[in-house]
2 protein chains.
Amino acid sequence: MRSELELTPIAKGDAADGPHYLALRDQIALGIEMGKLAPGSKLPSERQFQGDSGAARGTIREALFQLEAEGLIYRRDRSGWYVSPPAVTYNPTRWSGFMTYVAEQGRTPATETLSKELVSAPPAVADIFRTAPGTPLYNIHRRRSIDGRAVLVERIIVDPTLAPGLVDRSLDGSLTQILAGDYGLTVVRNRVDMRPCALVKFAADALGVKPGTPGLLVVRTSIGADGRVVEYDQEYWRHDAIRVHVDLDVRG
Amino acid sequence: MRSELELTPIAKGDAADGPHYLALRDQIALGIEMGKLAPGSKLPSERQFQGDSGAARGTIREALFQLEAEGLIYRRDRSGWYVSPPAVTYNPTRWSGFMTYVAEQGRTPATETLSKELVSAPPAVADIFRTAPGTPLYNIHRRRSIDGRAVLVERIIVDPTLAPGLVDRSLDGSLTQILAGDYGLTVVRNRVDMRPCALVKFAADALGVKPGTPGLLVVRTSIGADGRVVEYDQEYWRHDAIRVHVDLDVRG
DNA sequence: TAGTGGTCTAGACCACAGA
DNA sequence: CTGTGGTCTAGACCACTAG
């Protein structure tokens, strides 16, 4: 399969351009920006690049890692490198769920429940729910995709006394709507923590990426009118899939 | 210099532990968590690790990159690898500046002005300020540190008609306070955008890191009472230095 | 089964930090 | 100056994907 991407073989004395891997990066990035490579399309193989550029495979990979860190490309394990689709914008100030805001941005969201069970609260979690360690809590694992590409895996914890029988329902849609509509749980306060991270094993496996791939951890704590925690949610995002936007009035 | 970190030489048939570089990662991470390596302290050199573990230098480096991506360690160019200090928490809902919130967290902030000048607004920037391209605007570059370690470089744009003579002052402190105190510019709305990124050349150079090092881009747009943009600020953070916390009342 | 990326080795030379 | 990380080569074998 010939790629439409043209690579200039590496010159000899090219110190002016900086390291080879950055020159390579620039060529590939240019190809993406010029639209020669559409989002979602596959890049030539590493060995293909090797032949075209004359660089060693390690150097090629360094260029690809660079582009991956920038969010321009991603990989599917042992399948190949692909051009990243645009990121979606997540706005924690708006109380609309994933299914809604992804659709609003013209993309197709999907949710898949990986597991749901009743577990005993470990001390750290019990603390968040202001209950005793060992208290039974719902623990839900879900994977969410945009346009068929898995972008996040999440672990949700809900207090069963607030939403009895929750795990007997289908959770492949909007949990927000279920909690609000079926249980009358309205959220008055939303706490969100975000930090760049490396995807830990369980998240990496669920997303089909290499452990250590850069990611973004978003932790949401939703608090109801009575001050109780309605939902505690840890979301591990692919770093190239999300953009966070906060818009707020300044008080004090 | 002997390190206090003990490494187990890599066994032969150790497929059970996964790849060598992850086993190595685990050993080093353990050393950090156990407190054998304090924040800010230097790790053994790559060649030192090589001798201790028996792995090739490339494998060693892979383990180190992994830890870097996780935010546990960072490097100083051609100097060595160091244990990362804890991250500070940034709360965009509170209108307090860097100098304030860093100090509140028991750390020592510092600001350094790299450049300040009057420039012509490029189209994209003019659009944000709702003015014509070519309009003169203040362009300020600053570098900010925590406990002596550079953690972010920022580019701030301010409309000189709102803050005449701004660049004639010392900007090594809180710009927030200057704009509010000396110019009476109060902010009623704050827009914040965040996304993981790779540090581009100018930011990488200013922070003394390799281009492509993972980072977090925070873009803040502060809007005054009259609806005009008071300050437009792009902050490039080291990814291991920041944590974002948003706490808000849900409306609508 | 053929091709892909994932891991690993064992070298080499360079630019730069720091004493 | 010495030691550090930064870059690069030219191989090798493996685990897995996908046709």
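Note that these values count all heavy atoms, side chains included, but never hydrogens, waters or copies made by symmetry. Just so it is clear: chains get the letters A, B, ... in the order the sequence lines come, proteins before strands, and each one is counted from 1.
Remark: A:E235 does not engage A:R144 in a salt bridge, criterion side-chain N to carboxylate O under 4.0 Å. Looking at A:E70 and A:R25, a side-chain N of the basic residue comes within less than 4.0 Å of a carboxylate O on the acidic one, giving a salt bridge.
A side-chain donor from one of A:H245 and B:D193 sits under 3.5 Å from a side-chain acceptor of the other. With no hydrogens or angles considered, a side-chain donor-acceptor pair links B:R76 and B:Y74 at under 3.5 Å. Between the side chains of B:T113 and B:D172, a donor-acceptor pair is found at a separation under 3.5 Å.
In this structure, B:K116 and B:L171 have side chains that are in contact, with non-hydrogen atoms separated by less than 4.5 Å.
Between B:S45 and D:dG3 there is no side-chain N or O to OP1 or OP2 distance below 4.0 Å. Between A:Y21 and D:dC8 there is no side-chain polar atom (N or O) within less than 4.0 angstrom of OP1 or OP2. Checking the phosphate oxygens (OP1, OP2) of D:dT4, no side-chain nitrogen or oxygen of B:K42 falls inside 4.0 Å. Here B:T59 reaches the OP1 or OP2 of C:dT9: one of its side-chain N or O atoms lies under 4.0 Å away.
For the pair A:E46 CD and C:dG5 C1', the computed distance is 5 Å after rounding to whole Å. We find that CZ of B:R57 is positioned 14 Å from C1' of C:dT9, with the value rounded to whole Å. Rounding to whole angstrom units, NZ of residue A:K210 and C1' of D:dA15 are separated by 14 Å. Straight-line distance from the NE2 atom of B:H20 to the P atom of C:dT9: 7 Å, rounded to whole Å. Whole-Å rounding puts the B:L22 CG to C:dG6 P distance at 13 Å.
The aromatic rings of B:F65 and B:W81 sit tilted relative to each other, their planes meeting at an angle between 30° and 60°.
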- Message: Only Watson-Crick and G-U wobble pairs with both distances less than 3.5 Å should count. Give DNA chain D in dot-bracket notation, marking inter-strand partners with |.
- Response: ||||||||||||||||||.
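Test B:L114, B:I156, B:L152, B:V153 against B:R142 for side-chain contact (heavy atoms from CB on, under 4.5 Å) and you get one pass: B:I156.
Along DNA chain D, the nucleotide nearest to A:R47 and the one nearest to B:W81 differ in position, and the one closer to the 5' end is contacted by B:W81.
A:R220 places no side-chain N or O within 3.5 Å of a backbone atom of A:Q234 that could act as its donor or acceptor partner.
Within residues 60-78 of chain B, the residues having any heavy atom closer than 4.0 Å to DNA chain D are, in order of number, B:R61, B:R75, B:D77, B:R78.
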